[in-house]
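Each remark here refers to the structure printed beneath this line.
Side-chain atoms are counted along with the backbone in the values below, which use heavy atoms only and exclude waters and symmetry mates. Each residue takes its place number in the sequence, starting with 1. What you are looking at is a predicted structure, and each value in this text was computed from that prediction instead of being measured.
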Amino acid sequence: MTVPHWLFGDQLGPHFLAGGSDAPVVMIEARSVFRRRRFHRAKAHLVLSAMRHRAAELGDRVRYVRAETYREGLREAVGNGPVTVHHPTSYAALRLVRSLGSVTVLPARGFLVPHEEFRAWADGHGGQRLRQEDFYRWVRRSHGLLMDGDAPAGGRWNHDHDNREPPPRKARTLGAPPPYRPREDEIDEEVRHDLDRWEREGAVRFVGRDGPRRFPASRREALAALRRFVEHRLAGFGPHEDAMLARDPVMSHSLLSSSLNLGLLDPAQCVERAEEAWRAGRAPVNSVEGFVRQVAGWREYVWQLYWYFGEDYRHRNALGHTERLPEWFLELDADAVRARCLSTALAQVRDTGWTHHIPRLMLLGSHALQRGWDPAAVTDWFHRCFVDGHDWVMVPNVVGMSQYADGGRMTTKPYTSGGSYVHRMSDLCGGCAYRPGDRVGDRACPYTAGYWAFLHRHRARLERSPRMAQPVRGLDRLADLEEVLRRERERGDGPP
């Protein structure tokens with residue numbers, strides 16, 4: 001008799017099936033997941049909709065169990081019988097399946113590099129300064145991605161220089177073709193009804209808004225979204241991938257991260273489609289390389305570091321930041337915020353559960369870093385509030401990249417800036433209550449003042465960093481530093 005195969009809610013594509021085309025499948029919808037944490041309502045909707053869509057596709061082949069916990073659901077589905085599962089995507093889930101004697105854990109899927117291959121590569125680099133650029137080139141070579149023989153396609157490994165343009169002057173949007181948008185169906189109606197009922201009963205609490213579903217919940221929808229991006233949006237993606245426009249939050253971004261992280265798309269398929277577009281002359285190499293870097297470089301790198309650094313990595317706090325997240329941030333209260341850039345980013349999270357990588361890093365994350373918020377709490381917030389947020393995604397991205405809580409093991413400097421960066425890379429400073437160049441006074445930009453206060457607070461550590469020594473020396477040229485620090489203390493954690 002074929003052993004049943006268990007699919008977690010982020011293992012929903014055909015590449016996660018095991019045991020042949022007729023092997024029985026188990027899926028478990030565990031209410032305890034939503035009781036433990038206050039997730040974004042749109043995220044809860046997307047995950048449940050995707051799971052239920054997959055169950056509908058599998059038909060009689062699947063045993064779909066709704067239970068309080070995974071243990072109870074698995075007991076109801078298979079009793080004490082054996083079951084297989086592909087390596088889960090979090091330490092908590094891995095501990096669970098390993099604690100169940102009847103579960104056989106199969107190798108991970110949904111990524112390009114097996115764990116053992118990455119470990120061999122990382123150990124060969126000393127296990128410490130594992131730079132993303134080195135890893136990315138190794139993946140490109142070993143998988144033949146965007147290569148011409150032994151050389152990178154287009155003559156360069158890195159096209160970042162061409163992909164960091166500010167938005168066009170006076171443009172309100174990039175004018176890119178719109179992204180794929182799914183249509184809700186009866187499964188979405190059922191999910192929304194269940195979520196409403198759970199909230200009324202007091203069983204769970206959510207944050208954010210659940211508007212019409214914006215992201216794919218099925219393999220068919222995910223493939224349509226990939227096709228739409230590659231054929232109509234990829235060509236314009238590269239130059240402005242780091243830019244921000246208040247009225248164009250999606251710009252030319254792919255919006256495929258949630259589909260990849262739910263397992264609806266395979267990363268190899270995504271980068272191969274992009275490379276095909278370049279070789280066919282439908283997209284320039286800088287745009288294609290930028291997308292390949294995001295998927296085969298950064299996403300793969302983050303996944304591997306999550307496991308390589310170990311479970312204790314999530315508790316790193318090299319800067320000693322312990323401040324609690326304020327209520328206005330926890331509640332996504334964008335209307336309470338006067339700083340237009342932060343208010344805009346927070347409203348995008350509130351309304352959609354998504355922003356692209358620069359608002360995440362240079363607005364939301366940068367503000368948290370400057371204010372000294374507890375990095376574990378910041379990680380949890382990103383995990384709960386983003387539709388593409390999973391433990392493996394957010395622990396390295398927030399602890400290592402955004403909050404510099406590992407002291408530089410993952411990145412060479414803290415990613416934070418004053419208002420001048422926001423002003424250069426966006427239209428978000430226009431009409432703001434603050435001026436990006438002001439450090440003091442009633443219109444002092446909270447990012448500009450916050451940047452200098454952050455450098456002062458951590459001067460002893462940062463002045464030893466080659467990439468931060470020069471900015472830190474800039475503190476000595478600030479005649480108004482004491483006033484900056486005084487006003488920052490008075491600002492506290494109220495909304496800026």
Just by distance, no angles: are the side chains of [X] and [Y] close enough, under 3.5 Å, to form a donor-acceptor pair?
X	Y	answer
R156	N286	no
S99	R71	yes
D10	T89	yes
H53	S49	yes
T412	R467	yes

Spacing of [X] atom [atom1] and [Y] atom [atom2] [to the nearest 0.5 Å]:
X	Y	atom1	atom2	answer
L342	L428	CG	CG	10.5 Å
L234	S287	CG	OG	6.0 Å
L255	W354	CG	CH2	5.0 Å
L264	H15	CG	NE2	8.0 Å
Y180	L223	OH	CG	10.0 Å

Using a cut-off of 6.0 Å, state whether more than 12 heavy atoms not belonging to [X] lie near its atom [atom1].
X	atom1	value
R220	CZ	no
N80	CG	no
R459	CZ	yes
R205	CZ	no

Output yes when a side-chain donor or acceptor of [X] lies under 3.5 Å from a complementary backbone atom of [Y], and no otherwise.
X	Y	value
S426	V422	yes
R316	D312	no
R473	E463	no
K43	H383	yes
D148	P152	no
R299	L260	yes
R131	E133	no
H125	W121	yes
H143	L112	yes

Decide if the gap between the ring center of [X] and the ring center of [Y] is smaller than 6.0 angstrom.
X	Y	answer
H240	H253	no
W381	F329	yes
F8	Y70	yes

Quick one: list whatever passes side chain to side chain contact (heavy atoms under 4.5 Å, CB included) with [X], sequence neighbours left out.
X	value
E276	R273
L361	M401, S402, Y415
D242	R164, H357, I358, M425
S254	F229, L256, F291

Pairs meeting criterion salt bridge (Lys or Arg N to Asp or Glu O under 4.0 Å) with involvement of residues 96-112, two or more places apart
none
Electrostatic pair [X]-[Y], nearest N-O below 4.0 angstrom:
X	Y	result
R350	E331	no
R119	E116	no
R37	D380	yes
E76	R63	yes
E221	R228	no

Going by the rule side chain to side chain donor-acceptor pair (under 3.5 Å), which residues pair with W452 if we only count those two or more places apart in sequence or in a different chain?
none
Quick check: do [X] and [Y] have side-chain heavy atoms less than 4.5 Å from each other?
X	Y	result
V288	L146	yes
S218	R54	no
N397	W298	yes
V207	L330	no
L462	P414	yes

Residues S102, V78; criterion side chain to side chain contact (heavy atoms under 4.5 Å, CB included); working and verdict:
CA-CA 10 Å; S102 60; V78 300; 5.7 Å; no
Qualifying residues under salt bridge (Lys or Arg N to Asp or Glu O under 4.0 Å), relative to [X], sequence neighbours excluded:
X	result
R66	E190, D194
R140	none
E68	R35
R41	D196, E199, D210

Under the side chain to side chain donor-acceptor pair (under 3.5 Å) rule, what pairs show up with a residue in residues 360-372, not counting sequence neighbours?
R360-D388, S366-T416, Q370-T416, R371-E488
Which residue in the set D374, D406, D391 passes salt bridge (Lys or Arg N to Asp or Glu O under 4.0 Å) when paired with R314?
D391
Angle class for the Y301/F135 ring planes (parallel below 30°, perpendicular above 60°, tilted otherwise)?
tilted
Minimum heavy-atom distance between I28 and T69, given as atom pair plus value
CG2-O, 4.2 Å
According to the ring pair (Phe, Tyr, Trp, His ring centres under 6.0 Å) rule, which pairs have a member within residues 79-113, sequence neighbours left out?
H5-H86, H87-H115, H87-W307, Y91-Y306, Y91-W307, F111-W303, F111-W392
